[in-house]
Amino acid sequence: MPRTTRITGTGSHLPARRVTNADLAHDLASRGIETSDAWIVERTGIRARHFAADGVNASDLALAACRHALEAAGRRADEIDLIIVATSTPDMVFPSTAAILQAKLGVAGCPAFDVQAVCSGFVYALTVADALIRTGGARRALVVGAEVFSRILDFDDRTTCVLFGDGAGAVVLEASDEPGLLASELHADGRHVGILCVPGTVAGGRTLGDPLLKMDGQAVFKLAVGVLDEVARAVLAKAGREAGDVDWLIPHQANIRIMHSTAKRLKLAPERVVVTVDEHGNTSAASIPLALDVAVRDGRIRRGDTLLLEGVGGGFTWGAVLLDF
Ligand code: UT7
């Protein structure tokens, strides 16, 4: 059995259409809804997000991210023996976006499935892939976060539609004897289902209930700040490491204020936090692998660095993975 699992390549993809806060404010104004670049930047740190074109689905964004990750790992798609996609905006109710992605990658045979843990999805998926590899169920996995949240936004609700964007990030995770994933912590508390959800469903050939995202932002904010601190300490303790050992904190990119608060509680300098929320908005399960790939490709993250990945979101779910890159 392998001793560890290691990320051997990262990749990401953003749809071409970049929508600035000013663009969004202009569109919303035409519907009689008031917002401003100043409000969005001050409350969230978001300056722009990307929206996928009509007909472009999560699997399409995932495919582009996977191609970059495979190239970075020096692997071909047919060398992959496990595909996990974290998404809350799948192409179809079923089959899984992972199965659709597998076909688009031109391969067949290996297990492929989705993980649904909303904005914690990538941390969940990475943990599942790590466990499967360590127990001999696979040797090389593609672990992906891919979302088209623009499809589930209510553009009449300024409290949510300015926050989210589309994109995908992927990693190749391989069995290894070198240092890699050190520890992981996953949690959920279903008592908070209602504070962040898409309450609609499909039945009898129709959509029943509201198919658009609903969020009690303040409730999510309060819970997020608390659990992100707890889970960071728990995963560090599990690995026998300290906050001072962390080279890069890569939190879920929802709100710059939450990210800075997490770093401050851990006594990490703001420069140690990878921030992409300004340019990507909140891309849910895609936000962590997107941020990881950006910082790997711009040279900030180097081999051997210790990374703390933290997700939090609907469910309520939260989790963290500590790894030596
Ligand atoms: O991805 C999963 C994790 N998600 C999160 O972590 C999100 C957590 N929550 C948040 O990030 C913040 O709660 C928000 C960014 C969603 C909201 O920020 P806030 O500082 O909590 O604002 P608020 O909800 O308290 O609203 C303050 C004011 C309200 O007006 P009044 O009642 O004070 O007159 C809102 O109506 O801001 C108003 N407002 C806006 N104004 C202009 C809300 N949205 C907007 C907007 N533009 N887009």
Side-chain angles (χ1 to χ4, degrees), residues 19-49 86-89 116-124 145-150 152-167 169 187-189 192-198 212-229 231-232 250-263 273 275-278 280-291 309-320:
V19 179
T20 65
N21 291 345
D23 296 333
L24 205 51
H26 183 262
D27 286 355
L28 293 183
S30 68
R31 306 158 76 98
I33 296 166
E34 195 191 322
T35 189
S36 64
D37 175 58
W39 189 95
I40 302 170
V41 171
E42 188 195 319
R43 301 292 176 123
T44 71
I46 297 167
R47 293 181 185 277
R49 75 286 292 141
T87 187
S88 300
T89 47
Q116 218 279 39
V118 202
C119 304
S120 309
F122 184 75
V123 167
Y124 267 63
E147 303 281 14
V148 281
F149 257 57
S150 59
I152 54 167
L153 294 178
D154 179 353
F155 286 96
D156 286 324
D157 176 7
R158 69 175 182 173
T159 69
T160 53
C161 73
V162 301
L163 304 176
F164 295 88
D166 303 339
H187 297 278
D189 184 346
H192 303 294
V193 162
I195 63 172
L196 177 48
C197 61
V198 176
L212 300 178
L213 183 148
K214 303 277 168 282
M215 180 168 76
D216 176 346
Q218 286 191 11
V220 172
F221 192 105
K222 268 188 214 141
L223 273 173
V225 167
V227 298
L228 287 172
D229 185 49
V231 82
I250 310 177
H252 171 48
Q253 310 280 319
N255 188 318
I256 192 72
R257 291 183 289 143
I258 299 176
M259 294 158 68
H260 282 159
S261 154
T262 308
V273 186
V275 176
T276 51
V277 71
D278 52 339
H280 299 175
N282 180 346
T283 58
S284 193
S287 89
I288 294 173
L290 261 164
L309 279 45
E310 284 196 293
V312 63
F316 202 69
T317 56
W318 65 102

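Ligands are counted one by one from 1 in listed order, and the atoms in each one are counted from 1 as well. Computed from a predicted model, the values in this text were never measured in an experiment. No hydrogens, no waters, no symmetry mates; every other heavy atom, side chains included, goes into these values.
- In this structure, atom 6 (O) of ligand 1 lies nearest to the protein heavy atom Ile258 CD1, 3.3 Å.
- For Ala224, no heavy-atom contact with ligand 1 is shorter than 4.0 Å.
- With ligand atoms numbered from 1 in the order given, ligand 1 contributes 2 (C) to contacts under 4.0 Å with heavy atoms of Leu196.
- Scanning the protein for heavy atoms near atom 11 (O) of ligand 1, the closest one is Asn255 ND2, 2.7 Å.
- For Glu147 and Thr283, the side-chain atoms include no donor-acceptor pair closer than 3.5 Å.
- Listed by number with element, the atoms of ligand 1 under 4.0 angstrom from any heavy atom of Asn282 are 1 (O), 2 (C).
- At the shortest separation from atom 21 (O) of ligand 1 among protein heavy atoms lies Gln218 CG, 3.5 Å.
- Taking the six-membered ring where the residue is Trp, His192 and Phe316 present perpendicular rings, their angle passing 60° and hence far from 30°.
- Among all non-hydrogen protein atoms, the one lying nearest atom 7 (C) of ligand 1 is Met215 CE, 3.8 Å.
- The nearest protein atom to atom 4 (N) of ligand 1, hydrogens excluded, is given as Val220 CG1, 3.5 Å; this is a heavy-atom distance.
- Under the 4.5 Å side-chain criterion, counting only non-hydrogen atoms from C-beta, Asp189 is in contact with Trp318.
- When hydrogens are left out, the protein atom nearest atom 9 (N) of ligand 1 is Gly217 O, 3.0 Å; that is the closest non-hydrogen contact.
- At least one heavy atom of Thr159 sits less than 4.0 Å from an atom of ligand 1.
- Protein heavy atom in closest approach to atom 27 (C) of ligand 1: Arg43 NH1, 3.5 Å.
- When hydrogens are left out, the protein atom nearest atom 30 (O) of ligand 1 is Arg158 NH2, 4.4 Å; that is the closest non-hydrogen contact.
- Using a 4.5 Å cut-off on side-chain heavy atoms (C-beta onward), Lys214 and Val198 make no contact.
- Considering only residues two or more places apart in sequence or on other chains, Asp229 meets the salt bridge (Lys or Arg N to Asp or Glu O under 4.0 Å) condition with Arg233, Arg265.
- Looking only at side-chain heavy atoms (C-beta outward), Ile46 and Asn21 come within less than 4.5 Å of each other.
- Applying the side-chain contact (heavy atoms from CB on, under 4.5 Å) criterion to Ser36, with sequence neighbours excluded, gives Ala38, Trp39.
- Checked by atom type, the side-chain pair Asn255/Thr44 shows no donor-acceptor distance below 3.5 Å.
- Residues Asn282 and His252 have side chains that bring a donor and an acceptor to within less than 3.5 angstrom of each other.
- Across Trp39, Trp318, Phe221, heavy-atom proximity to atom 28 (C) of ligand 1 is greatest for Trp39.
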